[in-house]
Amino acid sequence: MKIDEQLTTDAVLERLGRESASDYEAGVMRDVLLEQYAGRDLGELSEAEWLAAFGQMNLRKTTGWIKDDQNEAKPE
């Protein structure tokens with residue numbers, strides 16, 4: 001399945017493993033995949049690409065990650 005706006009969380013959940021992932025995790029992973037691999041085929045991502053996206057998904061879901069714009073970073 002192509003990684004685009006039509007990508008369903010169900011397809012992502014299938015790749016994550018239905019028994020080991022929640023709908024919430026599939027939604028977060030879908031967002032990560034859209035940002036990093038839009039236009040690619042979900043089934044053709046390498047293991048390294050998938051694991052990198054999985055790591056980003058875990059970072060976001062456990063920390064309440066907020067996307068910081070580097071251009072708006074304030075000096076300390």
Side-chain angles (χ1 to χ4, degrees):
M1 173 162 250
K2 189 171 184 178
I3 300 171
D4 60 16
E5 291 299 324
Q6 304 302 317
L7 179 65
T8 65
T9 55
D10 194 50
V12 176
L13 191 57
E14 189 68 34
R15 174 94 192 248
L16 284 169
R18 292 189 178 279
E19 295 79 27
S20 61
S22 68
D23 290 338
Y24 168 71
E25 289 170 315
V28 175
M29 184 64 149
R30 179 185 179 276
D31 292 343
V32 170
L33 292 170
L34 284 170
E35 290 171 14
Q36 296 182 0
Y37 302 109
R40 303 265 311 271
D41 188 273
L42 181 62
E44 294 179 359
L45 294 181
S46 71
E47 183 175 355
E49 291 168 326
W50 180 258
L51 291 175
F54 187 79
Q56 268 303 312
M57 181 269 294
N58 276 305
L59 177 66
R60 293 180 189 192
K61 77 176 180 97
T62 58
T63 63
W65 178 82
I66 297 173
K67 188 172 184 178
D68 294 324
D69 186 343
Q70 294 292 350
N71 295 327
E72 294 179 16
K74 296 180 181 161
E76 295 181 20

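Not a single side chain to side chain donor-acceptor pair (under 3.5 Å) links Thr8 to another residue, sequence neighbours left out. Scanning for side-chain contact (heavy atoms from CB on, under 4.5 Å) contacts around Leu34 gives Ile3, Glu5, Arg30, with sequence neighbours left out. Under the side-chain contact (heavy atoms from CB on, under 4.5 Å) criterion, Ala53 pairs with Met29, Val32, Leu33, Gln36, Tyr37, not counting sequence neighbours. Not counting sequence neighbours, the partners of Ser46 by the side-chain contact (heavy atoms from CB on, under 4.5 Å) test are Ala48, Glu49. The salt bridge (Lys or Arg N to Asp or Glu O under 4.0 Å) test applied to Glu44 returns no partner, not counting sequence neighbours.
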| task | Under the side chain to side chain contact (heavy atoms under 4.5 Å, CB included) rule, what do Thr9 and Tyr24 come out as? Steps first, then yes or no, please. | result | CA-CA 9 Å; Thr9 55; Tyr24 168 71; over 6 Å; no

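Atom CE of Met1 sits about 9.5 Å away from atom CG of Asp41, to the nearest 0.5 Å. From Met57, atom CE reaches atom CD of Glu25 across 5.0 Å, with rounding to the nearest 0.5 Å.
In this structure the side chain of Leu42 never reaches within 4.5 angstrom of the side chain of Lys2, judged on heavy atoms.
The two residues Ala26 and Leu16 have their closest heavy-atom pair at CA-CD1, 3.8 Å. Nearest heavy atoms, Asn58 versus Lys61: OD1-CE, 2.7 Å.
Cluster membership check: Phe54 shares its hydrophobic cluster with Val12, using side-chain heavy-atom separations under 4.5 Å among Ile, Leu, Val, Met, Phe, Trp and Tyr.
Residue pairs meeting the salt bridge (Lys or Arg N to Asp or Glu O under 4.0 Å) criterion with at least one partner in residues 15-24, sequence neighbours excluded, are Asp10-Arg18, Glu14-Arg18.
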